[in-house]
Amino acid sequence: MNDVLPSEIGAWHKLEGIARELFAAYAYREIRVPVVEHTALFKRSIGELTDIVQKEMFTFEDPSGDSLTLRPEATAGIVRAMITNGLLHNQKQRVWCAGPMFRHEKPQRGRFRQFHQLDVEAFGYAGPDIDAELIMLSARLLRQFGVERLELNLNSLGTPESRRGYREQLVKYFTAHKARLDADSLRRLEGNPLRILDSKNPELQDIIAGAPVLTEYLDEPSRQHFEGLCRHLDAVGIRYIVNPRLVRGLDYYTHTVFEWVTNELGSQGAVCSGGRYDGLVAQLGGKSTPAVGWALGQERLVELLKVQQGELPVESPDVYFVISGASAEAVGLTLAEKLRDALPGVAIETHCGGGSFKSQMKRADNSGALFALVLGDSEADKRVVGLKSLRVEAPQIEVAWQDAAAELKKRLAER
Ligand code: ATP
Ligand code: MG
């Protein structure tokens, strides 16, 4: 579990700021759900035979003896909230949610035990148009954040009915190769053979490559849904790769599944994944409602930006206010307050705690601020303040207190 430090937070704020704007622009509204739920909710939704439920959940008993679990993902809790608050009665919903998720995985690059997701979900829409809209939203978000060279993998898992025939073929195929399967895959062969396709074990990749593909077993409605989605994506020019091996790690998906992947983060290459889960609402006790959504891993995306741009955006003040000497200290904070009144949105870091001009100017430089305001005793007596550009060579000028806000505003606008 990581600390996100002030030096790193700039990239997080950038990502969350863009996301917030785009969610609003697509008319998705925020929902906030608890970080703990009853353990049974995750078992029923994610699936008993998934890695998450079998080995990755932080589960504990609360003082009243209830089994609770720190949420490993957001969809289950959001669906629970939709049902318990009656939000799906003759209504459609487009929502988003952000926050920490918890999985007891082996920590490594891009894989942590507490990580953060941005989630988007749409309820009550059955057609491929909303699948396409959600993918367009994710594409725009990735583009605006500034990451490049991501590849969109797309597949259809079809309806549960069309999957049944496929499942039989798959069991037949993997049973014939039983001797070479690892323990995980043998376990999955019984309960959840599709998950074998998602194995990361390099020694299994050639067997997996030879397995029958689901695409050939899709029924007509599933095929039409998938083709509809592809047409919408083609129309807006979003490129994708149809990847028949993409099955995703949770049991509840139907029809569309997709993943944005990069090969620039080692083996943890999925940065945003999602799909359709038409059966889940009914499975959790609600009225049967089609649904689709995605989740984006914030740590991986921030890391990708760092890899691609070499550094992360840093949040610095706009102005560092140097205050040195007794008369200056007597009026410095009041002057800073007046400037903040006049300059909303401008970040002014006041020097607190005294010290020589030289040491304060050094701090001003290190703060990353664009300008220093300099108030010594002589300036205080004359009711002026020094204004110095810290990033470009230029002489320090003197400005009367009453003109300081306007002068700063002008200078900041020129930058
Ligand atoms: P992976 O195959 O890498 O384990 P997943 O299929 O388990 O991913 P999802 O459950 O779909 O992942 O979660 C959505 C996104 O959340 C992923 O695409 C990834 O970016 C991120 N994510 C998942 N697990 C972790 C983790 N342990 N640490 C950091 N990010 C994660
Ligand atoms: Mg996983």
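Along the sequence shown, residues carry numbers from 1. All ligand and atom numbering here is 1-based and tracks the order in the structure. The figures here come from the full heavy-atom set of this structure, side chains too, leaving out hydrogens, waters and symmetry mates.
For the residue pair S199 and D184, no side-chain donor N or O sits within less than 3.5 Å of a side-chain acceptor on the partner. In summary, the side chains of H255 and D131 do not present any donor paired with an acceptor at a separation below 3.5 Å, with no hydrogens or angles considered.
No more than 12 heavy atoms of other residues, nucleotides or ligands lie within 6.0 Å of CZ in R363, so this atom counts as exposed by the packing criterion. More than 12 heavy atoms of other residues, nucleotides or ligands lie within 6.0 Å of NZ in K287, so this atom counts as buried by the packing criterion. Crowding of E220 atom CD: a count of heavy atoms from other residues, nucleotides or ligands under 6.0 Å exceeding 12.
For ligand 1, the atoms lying closer than 4.0 Å to a non-hydrogen atom of V271 are 18 (O), 20 (O). Ligand-side atoms of ligand 1 in range of C272: 18 (O), range being under 4.0 angstrom from any heavy atom. Heavy-atom proximity to A295, at under 4.0 Å, picks out these atoms of ligand 1: 14 (C), 15 (C). For ligand 1, the atoms closer than 4.0 angstrom to any heavy atom of K200 are 2 (O).
Relative to atom 24 (N) of ligand 1, the option among W294, F115, F102 with the closest non-hydrogen atom is F115. Distances from atom 29 (C) of ligand 1 to the heavy atoms of G110, G297, S273 put G110 nearest. When the options R103, M101, E259, E73 are ranked by their closest heavy atom to atom 9 (P) of ligand 1, first place goes to R103.
For ligand 1, the polar-atom distance check finds an N/O of A270 within less than 3.5 Å of one of the ligand's N/O atoms. Note: an N/O pair closer than 3.5 Å links Q117 and ligand 1 by distance alone. The shortest N or O to N or O distance between F112 and ligand 1 is below 3.5 Å.
The closest approach between R113 and ligand 1 stays at or above 4.0 Å for every heavy atom of the residue. Taking 4.0 Å as the cut-off, R111 counts as a neighbour of ligand 1 on heavy-atom distance. Ligand 1 lies nowhere less than 4.0 angstrom from a heavy atom belonging to Q268.
Between F23 and W294, the ring planes are tilted. Angles from 30° to 60° get that label. Taking the six-membered ring for Trp and thresholds of 30 and 60 degrees, Y277 and Y253 have ring planes more than 60 degrees apart, a perpendicular arrangement.
Taking the charged nitrogens against the carboxylate oxygens, R340 and E337 do have a contact shorter than 4.0 Å, which makes a salt bridge. Ion pair E407/R411 flagged as a salt bridge, since at least one NZ, NE, NH1 or NH2 atom sits closer than 4.0 Å to an Asp/Glu carboxylate oxygen.
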